[in-house]
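Labels below follow one simple rule: chain letters A, B, ... track the order of the sequence lines, proteins then strands, and each chain is numbered from 1.
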Amino acid sequence: MTVLKSGVDTESAEFLANAEAMRNKLAELDAEHAKALAGGGEKYLERHRKRGKLLARERIELLLDREAPFLELSPLAAWGTDYTVGASVVTGIGVVSGVECLIVANDPTVKGGASNPHSLRKSLRAAEIAKCNRLPLINLVESGGADLPTQKDIFIPGGATFRNLTQLSAEGIPTISLVFGNSTAGGAYLPGMSDHVVMIAERSKVFLGGPPLVKMATGEESDDESLGGAEMHARTSGLADYLATDESDAIRIGRDIVSRLNWHKRGPEPVASVPPRFAEEELLGIVPPDLKMPFDPRDVLARLVDGSEFDEFKPLYGTSLVTGWARLHGYPVGVLANSRGVLFSEESQKATQFIQLANQSDTPLLFLHNTTGYMVGKEYEQGGIIKHGAMMINAVSNSKVPHLSVLMGSSYGAGHYGMCGRAYDPRFLFAWPSAKSAVMGPAQLAGVLSIVARAAAQARGAEYREEDDAAMRAAVEAQIEAESLPIFLSGMLYDDGVIDPRDTRTVLGLCLSAIHNAPVAGARFDGAGFGVFRM
Amino acid sequence: MTMLGKVLVANRGEIARRVFASCAKLGIGTVAVYSDADAEAPHATEADVAVRLPGSAAAQTYLRADLLLAAAHASGADAIHPGYGFLSENAEFAAAVADAGLCWIGPDAKAIAAMGSKVEAKRIMAEAGVPVLTELDPEQVTEADLPLLVKASAGGGGRGMRVVRDRAGLAEALALARTEAESAFGDGTVFCEPYLENGRHIEVQVLADGHGTVLALGERECSIQRRHQKVLEEAPSPLVERTDGMRERLCTAARAAAEAIGYLGAGTVEFLADDQGRFYFLEMNTRLQVEHPVTECVTGLDLVDWQLRIAEGARLGPEPPPIRGHAIEVRLYAEDPAADYAPQSGTLHAFTIPGVDSEFAVPPNQGLRLDAGVRAGSVVGVHYDPMLAKLICRAPNRTEAARRLANACERASIHGLRTNRDQLVQVLRDPDFLAGNTDTAFLGTHEVNAPLATPETVRYAALAAALAEAAAQRSDDPVLGALPSGWRNVPSVPQHRAYRHGGTEVEVAYRLTRSGLHAEGYEQVRLCTAGEHEVVLEISGLRTVFRIGHFAEQNGPEQNGPGLLGVDSALGSVSLVPVPRFTEPGADLLPGSLLAETPGTVVRLAVSTSDKVKAGDPLLWLEAMKMQHQIRAPHDGTVAELRVTEGDQVDMGMTLAVVVPEGESE
C-alpha cells in the first residue's frame, strides 16, 4: 500500500482564498436547501402541525434508526422553476430497522403534496436508485395527486410510478406504503401496488373517486370513510394490512415490517476501515474558484480514501488522468481522477484498460471530475483522439461494476461522458459547489458563436459590429455560466445533490454501502471472449 | 482453651460476611446458610461451604433453630456465630447450640434471657446501681408523665415501640404495641417509661472474657434514627466529648451492667441521655451490634476477632486501648425516605463506592471502610431488612470524617433501587449535625430529604445519557456504523431522546456535527468525547466526566421495561429511565382492562358503569362466528369503565371494560 503524501499548505494565501470562496458557495447552498426545508411556508407548516400531523422530514426522522445517517437525494429539485425547491417530495437513503431503505415522502405542506413534473422526475429517480441498488422502498404517502394544470407532463410518464413499484416487487425488492393522508385517484395505486400497506385510523383516505365524483358517475351518495377510510380498508376491502392508531403508530408498524423482511445484502461485506490521514476540513481549500487553475486530485484522495492509501496504476503514462486502487469505508474502489483537465489519447487508453481491470475484479469505480474535455487540434485528431475517446466512452458505457461520479471542478464536453456523466448511469452522481458542467466553457462557447456569426456575416457581405459582438458574447457567457452551475443542474435533476466537499467521504461511503445491497459483478468475458486489452 | 475449626454464621448479608472476614484472618473455616432468595447472595457464595435453608421467609429459614443446628452438624462446624437480629438474642437457641455440643459465640443463655426481658433487665440494672428511667404504670399515668414511650419487653429494632403524647391515645398504643410485639417476638409484654423528647442515644461497647475482665471500649452515639432505627452512628459522641466526666460515668455503668449478669463476649449497653449529660439505662444488647465498626475504627480492635478468641478462652488485657480519632458509620438502606421510608425491592444494578480503603476491617488512619451485604446485580427482596451496606469513615476528627463520608456517599454509583443515600449526604453536611447537635428527633426536624441532584444536574445527566446511548447505538449498528452519528446532508430535525427521572420527563434534542454538539438549551456545553460508558462534557468551561451504566430492565411495575441508565458525575448520581420512542399498543392500558380476544359484536351487557362485581360475574357477551363469548370480571371490584354498548362491533385487542379491583381507588 502506498500512502499518499499531500503537500497542501493550509496556511497559504491561495488555500485560504480557495476555502473562503468555497465557504461562500456553501452558504449559498445552505440558503437554497433552506427553501426546500421551508416546504409550503410557515402558514402551511402551522396548519399541518395544528392537525396533529408530522412534517415529511419529521416522519422520516421517526422512521429512521436513531443516530443512523440519512442522505437526502435531489433536495434542490425544481430549483430555478416556478415550483417550490425540493419539488414537494423528500427522497433519500436511510437505515430503518438495520436495513438501508429508499424513502420517499410527500411534503403535504406544498400544495397538498401534489405532484408536479419535477416531483415526478425526482420520484422516478428515487425508484431507479431503489431498483439498481436493491433498496427496499418505503413510501410515506400524503398527496393530493397530480398538479392538474401540468397534467400533460405528468399523466403519461407518471404511469411508470406504479409499474416501477410492482417491478421492484417482482425483483424481490420490498415495497412498503405508509398512508398518512390522501392517496386518491391514481395515487391509490401507490398502496395498491405495494407489498405492505399501513393505514392510519381517521387519517388515511384511499379511493379512486371521492364522493363528488361518485355522485357524478353513478348518483350514489357516499362519504370519505366508506369509500376509502383506513378502517374500511383494514376491515372490508383488505387494501390495508395494518391499521395504525396514529402517525407514530404507523411508523412503528413500518419499522416492524422492515425488521421482518429477512433482508440480506447481496454484495460483499466491507473490510474494517480507517479514516484518512489528512483532515477532511482541508477539502475546502483545494479547488480554486477559478477552474482554469489545475489542482492535484491526489490531494483530494488523501482526504477521501481509507488511510490515505492509494496504489496508482500507470502513474507515468497519461499523467493528466490519475488512476488507481483504494478503499473507501472498507469498500474497494478504482479511482479515475482528472489531473490537468485535458484528456489526451494516452489518458483515454489508460482509462479504458483500467475500467476493464476493475470489471475483472468486481471493483466499483469512482470518477472524480475536473476535465475540460478531449484534446482538440490537428496533431490530436490525426493521432486518433476520437478513436481513443470513443474507446473510453465504450468502456464506461459497458462497464458493469457500480460507478460513482463526483464533479469537483470542470466537467465539460465529451470529457463529462468519458468520466461517466449523468447519461452514463452512474449509480450516484454528486457535485461540489465548485463544479461546472456544460458542452464547453462559457467563454469558449461565446467565442465559437462569435466566430461562426462573424463568418456568416462575411459570407453575406454584411457588416459585423464589434459592440454587438461584445454584447452577444457577454450575454451568452452569462447564460452559459449560470446554466453550468451545480445548483442549476441539480434543479434539473442532473445530479443527485450538491454536497459539501467535506462530506464526500461520508456520502460515498453511504452510497457504496447502499450499492452493496445488490450483487457487485463486472462485465467479464469469463472465457467466452477476450482478455483485457492492453492499451 | 478450645480451638475453633469451623464457624457457621446463622445469619445473612453484611454481618455474615463480616464474621467470615475475621474467621478467614484467624484461619477458621466458614459455613454459610442461605435461603432460596439468597442463593446467589455474596455471603452464600464466599463462605467455604454453604447450606441451603429451603424457602425465603425468615420464619422458614434464618429463624429455624432446628435447620441451623442440622446445618452445623452437616457441615462439621464446631461453633455458631449468630450475627445480629434473627436468633442472636434468642436464649433458647443459645442453649440449644450449647446442648448440641457446639460453641455459641456470645454470652450464655442465662445472660441473654436476663437482658431479653426489658422489664427484668431494668430491675437488675437498678440493683447494680445503673441509672434507669422509672417504669410507669399505664393505669396511673397522668398528664405530667407525658410524653411516654410504650415498648415491647422482648423488643428491638424499634418494633413494638410507640410514642404516646396524650392520654386518650394510650390504650390504643398499648394494644398496637402488644400486637406488634406478639407477632414480631412471640411475646406481647409491653411496658411504659418516660419519653425523652430530645434525648440522645448513647451506648457503650463492652467486651468481657471468661476470666473476669470486663472492658468498656468507649461510647457510640446513635441519635440519628428514623422510626426508632439507627441510620448514623459515631464514636466518640459529641455530647460525651463536651461533658466533663461523662465517659467515665458511662463506662463505669456499662461495666457494672455487664458484671451484674456475668457477661461474656461483646455486648452493648444502651443509654438514653439528655443534653446535660444525665443518662438512663435503656437495654443491653447481648450480641454484636450493627454499628460495631465505629468502635473498631477508634480503638483499632477487631471485635469479631475478640468474640472468637474469647469463645476459645482467651484473656483480655487489663485496660482498653485509647480512643483515637473519630469514626462515623452510615447505613445505606434500600428505602425511600420521601415515601415514609418505604422499603424498595428489585435489582441493584450498580453498586460502587469510590475510595474504599478496606472492607470488613479497620481502615488506615484516614480511611473509608465498607461492610456490604450486596454487590452490583444483587436482587433485594422483601423478605429481610432493607439495609444494603454500611459505610464507615475513620478520620482524625469528626468534621473530616463527615466530609469524607458525605463525599463518598455522594459519589457512590448506586442504581436500580431507591436508597436513603441523598438523606445521608445531607445529614453529614447539616450545620446542626456538624456542630454535634444531634438528637433522636433529628431527621424529623431537619430538611434533609430533598433530592441531591438539582434539575440542572438531571438535565446534564440526561444529555450525557443521550450521547452515551447514541454512541452505543452506533457501535451496534449493522450497517453504516462507521459513518458520523446522525449525519445529514440537509439537516432538519435533531435527534430526540427522552428520559424519566422520578416524576419528571427530560427531553434532549441534539445533533452531532462537524463543528461539535448542538443541543437545544445546552448552549454552554461543549462535547469533548462520547462513548457508551463515558461522556466528557465541558459545561461553561468546566470539564466534567459522566460515567454511564446501561441496565437491561427496570424494577417495580415496569418489569421488562425500557431499561435504566445510571449517570454518575461530580455533579451527582442520577438514574434515568428512557422513554420509549414508540408506544406499544396496550402499553397504556389501565389495570383491570378487559380486552376483546376476538373481533365480534356486543350482543348483551349484564352490568353498567360503577356496578360492583364479583370475580367471575359475567359482564357482557360478544358474538363472533356464531359463537357467544362471555366476558367475566377478573376479580372483585367496580366497573370503572364500560367502553361498549349493545350492538357495537369490536376489534381484537379493544378494551371492553375496566374493572378496578376492590380497595383500589382510581
Side-chain angles (χ1 to χ4, degrees), chain A residues 30 33-34 36-37 54-58 60-62 64-73 75 86 90 92 94-95 98-100 231 234-235 243-246 248-249 251-253 255 265 270 272-273 275 280-281 329-330 430 497-500 502-503 505-507 509-510 513-514 516-517, chain B residues 465-498 508-517 530 532 562 578-589 599-601 648-655:
Chain A
D30 281 348
H33 282 159
L37 295 178
L54 296 171
L55 299 176
R57 285 180 180 79
E58 291 171 341
I60 293 176
E61 292 287 345
L62 197 54
L64 295 172
D65 289 356
R66 276 173 160 166
E67 323 302 337
F70 177 67
L71 174 65
E72 189 172 327
L73 297 163
V90 184
V95 184
V99 177
E100 291 152 306
E231 300 264 355
R235 242 175 265 294
L243 179 64
T245 54
D246 54 22
S248 161
D249 195 38
I251 291 168
R252 178 188 68 80
I253 295 169
R255 291 178 51 80
K265 295 174 75 166
S273 77
E280 63 185 15
E281 190 67 25
H329 277 292
F430 295 96
V498 183
I499 60 169
D500 185 327
R502 295 169 293 183
D503 283 338
R505 177 174 161 82
T506 299
V507 170
L510 190 147
S513 181
H516 283 71
N517 278 275
Chain B
L467 296 170
E469 284 207 291
Q473 168 85 52
R474 288 307 284 149
S475 56
D476 284 350
D477 274 341
V479 291
L480 303 178
L483 265 55
S485 189
W487 178 86
R488 299 286 181 272
N489 57 331
V490 185
S492 57
V493 188
Q495 301 283 324
H496 278 270
R497 287 181 189 270
V508 187
Y510 59 98
R511 180 181 297 142
L512 295 166
T513 71
R514 185 175 283 115
S515 58
L517 169 74
E532 182 175 354
V579 176
R581 227 177 152 193
F582 300 99
T583 315
E584 294 287 330
D588 52 354
L589 283 183
T601 311
D648 276 5
Q649 263 309 124
V650 299
D651 282 335
M652 204 159 99
M654 214 174 119
T655 304

Under 3.5 Å, is there a donor-acceptor pair between the side chain of B/Asn489 and the main chain of A/Leu71? no
Backbone N or O of B/Ser485 within a donor-acceptor pair of the A/Glu67 side chain at under 3.5 Å? no
Where does B/Arg511 contact chain A at under 4.5 Å (heavy atoms): side chain, backbone, both or neither? neither
Quick one: what part of A/Ile60 sits under 4.5 Å from any heavy atom of chain B, side chain, backbone, both or neither? neither
Residue B/Arg488 versus chain A: region with a heavy atom under 4.5 Å: both
Given A/Ala68, A/Ala34, A/Ser513, A/Ala36, the one with more heavy-atom pairs under 4.5 angstrom with chain B than any other is A/Ala68
Check step by step if salt bridge (charged side-chain N to carboxylate O under 4.0 Å, His left out) holds for B/Glu469 and A/Arg66. CA-CA 10 Å; B/Glu469 284 207 291; A/Arg66 276 173 160 166; 5.3 Å; no
Student check: side-chain heavy atoms of B/Gln649 and A/Arg235 closer than 4.5 Å: no
Between A/Asp503 and chain B, which part of the residue has a heavy atom less than 4.5 Å away: side chain, backbone, both or neither? both
Closest heavy-atom pair and its distance - B/Pro484, A/Pro69: O-CB, 4.4 Å
Show your reasoning for whether side chain to side chain contact (heavy atoms under 4.5 Å, CB included) applies to B/Trp487 and A/Val507. CA-CA 10 Å; B/Trp487 178 86; A/Val507 170; 3.5 Å; yes
Using 0.5 Å steps for rounding, measure from the CG atom of A/Asp65 to the CG atom of B/Asp476. 11.5 Å
So which part of A/Leu62 gets closer than 4.5 Å to some heavy atom of chain B, the side chain, the backbone, both or neither? both
A/Arg505 versus chain B, heavy atoms under 4.5 Å apart: side chain, backbone, both or neither? neither
Go through the atoms of A/Leu510 and report whether side chain, backbone, both or neither lie under 4.5 Å from a heavy atom of chain B. both
When every non-hydrogen atom of B/Pro491 is compared with those of A/Leu37, the smallest separation belongs to O-CD1, 3.3 Å
Once you round to the nearest 0.5 Å, how far does CD of A/Glu61 lie from NE2 of B/His496? 8.5 Å
For chain B, which candidate among A/His516, A/Arg57, A/Lys265 shows the most heavy-atom pairs at distances under 4.5 Å? A/Arg57
